[in-house]
Amino acid sequence: MVLGYLLARAGIRVVVLEKHADFLRDFRGDTVHPSTLEVMHELRLLDRFLKRPHQEIKELSGIVNGEQVKIVDFSHLPTQCKFIALMPQWEFLNFLSEEGQKFSEFDLRMEARATRLIELDGRVAGVHAESKDGSLEVLADLVVAADGRHSDLRQAARLELIDLGSPIDVLWMRLSRRPDDPEATAGRFAAGHILVMINRGDYWQCAFVVPKGGNDEIRAAGLEAFHEQIVRIAPFLSSRIGELDDWDKIKLLTVAVNRLRRWAKPGLLSIGDAAHAMSPVGGVGINLAVQDAVAAANLLAKPLLDGRPTLQQLVAVQRRREWPTQMTQRVQLFIHNHVLRRALSSAGTRDEHPGLPLVLKIIRHFAVLRRIPARLVGFGFRPEHVSPDIIGASRSLSA
Ligand SMILES: Cc1cc2nc3c(=O)[nH]c(=O)nc-3n(C[C@H](O)[C@H](O)[C@H](O)COP(=O)(O)OP(=O)(O)OC[C@H]3O[C@@H](n4cnc5c(N)ncnc54)[C@H](O)[C@@H]3O)c2cc1C
């Protein structure tokens, strides 16, 4: 959607195919980071964007056996928005589609599922799709596979996926929030378990981290045992844990960390989750996908205005985005293996109630260190800025 918007704004005809009838899927993550907010600012969309329902998180904490440490403090970031905006993905996507539709070049087709690639003369030349009005063919100078972590198009293109593995899965759930609850959005470590609780105003979005494949064992032990585990980590939830009265209210996210060896072939480019699924650590998936879109638009708008981008021009997008992707995945895997796996494996052992890890003790005493994770989470390794050519292409409309 972001790439479609940017290219349409640059004057390039774009067809965006979306297989669903709407964007209402709960829960797909909703952390819009300072890097993405900066892109909105550069596009002069920020004021309108921030009028949509959202909350602002200015810091993130860790709570180890009841002891709280502020780990991330966004207040010093040199950027427009020194916070993460929590906005449901459907709000974000509806916003972008409404802004996109202000350009005649932007053509969003809902309920249109790309089913296979059209290949001509050794290059991808379009897609077949099934829509509510029947089959359709879209011929294009470039097909972008931005169809998520189970990408149909990258499979159709036979692009090789490198699986980096993950020792964890995550169970997502919602619990109501009460006025006298703590404020902090925090990761809670206790009794060999990890519960991340995101403050969404009148409810908590909770992520319970489990060892890979641990979901079956948890379900086999029953809901009551699950309730007990949650309450041991966050005792104030005991008054409402009964809201989770059905496993349907607890969704499994099978965590995958992977990336394509090659993101492009003649006529086709993969970006976002289709090119690299990220761990939920840091909540960076949406933001990396947006950064890919900005880089792709910056590098490809001119070649697309001139005709068909060459393979070399498509590979330039991978070259630009592969390093930040790899570095982010490296940090995530380090956290999986050295923080999360260790914390989970301490369940039922003498280490079940450890004190604060050294790194948190240091961060507690040297507040300035909180700026490092703030930059990594807020900006990432290579923040992208929208090229003035794209911003300027429609100055009168966006002013
Ligand atoms: C449970 C869960 C929680 C998450 N939490 C966070 C979070 O807190 N913060 C964060 O940054 N990231 C989070 N993520 C990751 C984040 O959702 C993704 O990284 C991000 O959405 C990737 O964007 P994308 O555009 O590449 O892919 P997607 O958002 O997956 O978009 C792909 C789109 O393509 C459509 N589509 C798929 N196949 C076809 C087809 N054949 N034809 C037409 N349309 C198709 C899909 O319907 C979808 O709308 C979470 C993911 C999950 C599953």
Side-chain angles (χ1 to χ4, degrees), residues 1-5 15-37 55 57 60 84-90 92-94 96-97 108-117 127-132 136 138 143-157 169-174 185 187 196-198 200 205-209 250-260 263 269-294 296 321 325 328-329 332 377-378 380:
M1 190 71 87
V2 176
L3 180 56
Y5 171 85
V15 178
V16 179
L17 301 177
E18 168 53 56
K19 68 180 176 183
H20 289 107
D22 56 43
F23 299 113
L24 280 171
R25 270 168 303 288
D26 194 25
F27 171 76
R28 295 296 321 279
D30 43 15
T31 51
V32 181
H33 286 200
S35 60
T36 301
L37 295 166
Q55 287 153 293
I57 296 190
L60 302 171
I84 289 178
L86 292 178
M87 181 182 289
Q89 256 188 60
W90 66 83
F92 187 18
L93 291 168
N94 284 336
L96 287 170
S97 74
L108 169 63
R109 312 270 180 99
M110 301 303 287
E111 286 184 85
R113 182 194 184 108
T115 48
R116 60 197 164 85
L117 297 170
V127 291
H128 282 282
E130 294 299 329
S131 79
K132 54 182 187 304
L136 77 143
V138 184
V143 171
V144 179
D147 51 347
R149 66 197 200 122
H150 302 294
S151 171
D152 296 323
L153 293 185
R154 77 168 176 221
Q155 212 175 332
D169 285 330
V170 173
L171 302 178
W172 289 100
M173 66 217 115
R174 232 181 222 227
T185 285
V196 178
M197 296 181 64
I198 304 171
R200 300 306 317 268
Q205 184 69 52
C206 302
F208 186 63
V209 183
I250 301 155
K251 303 266 184 321
L252 170 69
L253 165 63
T254 306
V255 175
V257 184
N258 60 40
R259 60 177 179 267
L260 290 177
W263 298 20
L269 172 69
S270 285
I271 60 168
D273 273 21
H276 47 72
M278 309 301 292
S279 154
V281 168
V284 293
I286 297 166
N287 304 280
L288 272 189
V290 170
Q291 299 287 304
D292 286 359
V294 173
R321 295 305 308 159
T325 304
T328 310
Q329 289 180 329
Q332 291 183 323
V377 173

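Just so we're clear, the structure is a prediction, and the values are computed from it rather than from any experiment. We count ligands from 1, going down the list as the structure has it; atoms in each ligand are counted the same way.
What you find for Ala274 and Ser151 is that their closest heavy atoms are CB-CB, 3.7 Å.
Under the side chain to side chain contact (heavy atoms under 4.5 Å, CB included) test applied with Val32, the options Leu37, Val290, Leu86 reduce to a single match, Leu37.
When each atom of ligand 1 is checked for a heavy atom of Gly285 under 4.0 Å away, the hits are 10 (C), 11 (O), 12 (N), 19 (O). Using a 4.0 Å cut-off to heavy atoms of Gly148, the atoms of ligand 1 that qualify are 27 (O), 30 (O), 32 (C). Those atoms of ligand 1 with a heavy atom of Asp152 less than 4.0 angstrom away are 38 (N), 40 (C), 41 (N). For ligand 1 and Asn287, the ligand atoms under 4.0 Å from any heavy atom of the residue are 11 (O). Each of the following atoms of ligand 1 lies closer than 4.0 Å to a heavy atom of Gly272: 26 (O).
How far CG of Asp273 is from CZ of Arg149: 7.0 Å, rounded to the nearest 0.5 Å. Of the inter-residue distances, the one linking Ile286 atom CD1 with Ser35 atom OG reads 10.5 Å to the nearest 0.5 angstrom. Interatomic distance, OG of Ser279 versus CG of Leu253, reported as 8.5 Å (0.5 Å rounding). Distance CZ/Arg116 to CG/Asp152: 13.0 Å, rounded to 0.5 Å.
Taking 4.5 Å as the limit, some side-chain heavy atom of Trp263 sits within range of a side-chain heavy atom of Thr325. Two residues are said to be in side-chain contact when any heavy atoms from C-beta on lie closer than 4.5 Å; Cys206 and Arg174 fail this criterion. Using a 4.5 Å heavy-atom threshold, the side chains of Lys251 and Val170 count as separate. Side-chain contact between Trp172 and Gln205 is present, with at least one heavy-atom pair separated by less than 4.5 Å.
The proximity of Ala289 to ligand 1, defined as any non-hydrogen pair under 4.0 Å, is limited to the side chain. Neither the backbone nor the side chain of Phe23 has a heavy atom within less than 4.0 Å of ligand 1. Of the heavy atoms in Leu153, none comes closer than 4.0 Å to ligand 1. In Val284, the part holding a heavy atom less than 4.0 Å from any atom of ligand 1 is the backbone. For Ala112, every heavy-atom contact with ligand 1 shorter than 4.0 Å involves the backbone, none the side chain. When non-hydrogen atoms are compared, ligand 1 lies under 4.0 Å from the backbone of Ile286 as well as from its side chain. Counting heavy atoms closer than 4.0 Å to ligand 1, residue Gln89 contributes side-chain atoms (C-beta onward) but none from N, CA, C or O. Counting heavy atoms closer than 4.0 Å to ligand 1, residue His20 contributes side-chain atoms (C-beta onward) but none from N, CA, C or O.
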message: Pair Val2, Leu96 - check side chain to side chain contact (heavy atoms under 4.5 Å, CB included), show working.
response: CA-CA 7 Å; Val2 176; Leu96 287 170; 3.6 Å; yes

- request: Carefully, step by step, assess Arg200 and Asp30 under the rule salt bridge (charged side-chain N to carboxylate O under 4.0 Å, His left out).
  value: CA-CA 10 Å; Arg200 300 306 317 268; Asp30 43 15; 2.3 Å; yes

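Look at Asp30 and you'll find a heavy atom under 4.0 Å from some atom of ligand 1. Residue contacts with ligand 1: Met278 is excluded, as none of its non-hydrogen atoms falls under 4.0 Å. Residue contacts with ligand 1 do not include Ala277, since none of its heavy atoms lies under 4.0 Å from the ligand. For the ligand labelled ligand 1, residue His150 lies outside the 4.0 Å heavy-atom shell.
Of the listed options Gly283, Ala146, Ala274, Ala146 places a heavy atom closest to atom 32 (C) of ligand 1.
For the pair Lys19 and ligand 1, the shortest N or O to N or O distance falls below 3.5 Å. Considering backbone and side-chain N/O of Thr31, one or more are found under 3.5 Å from N/O of ligand 1.
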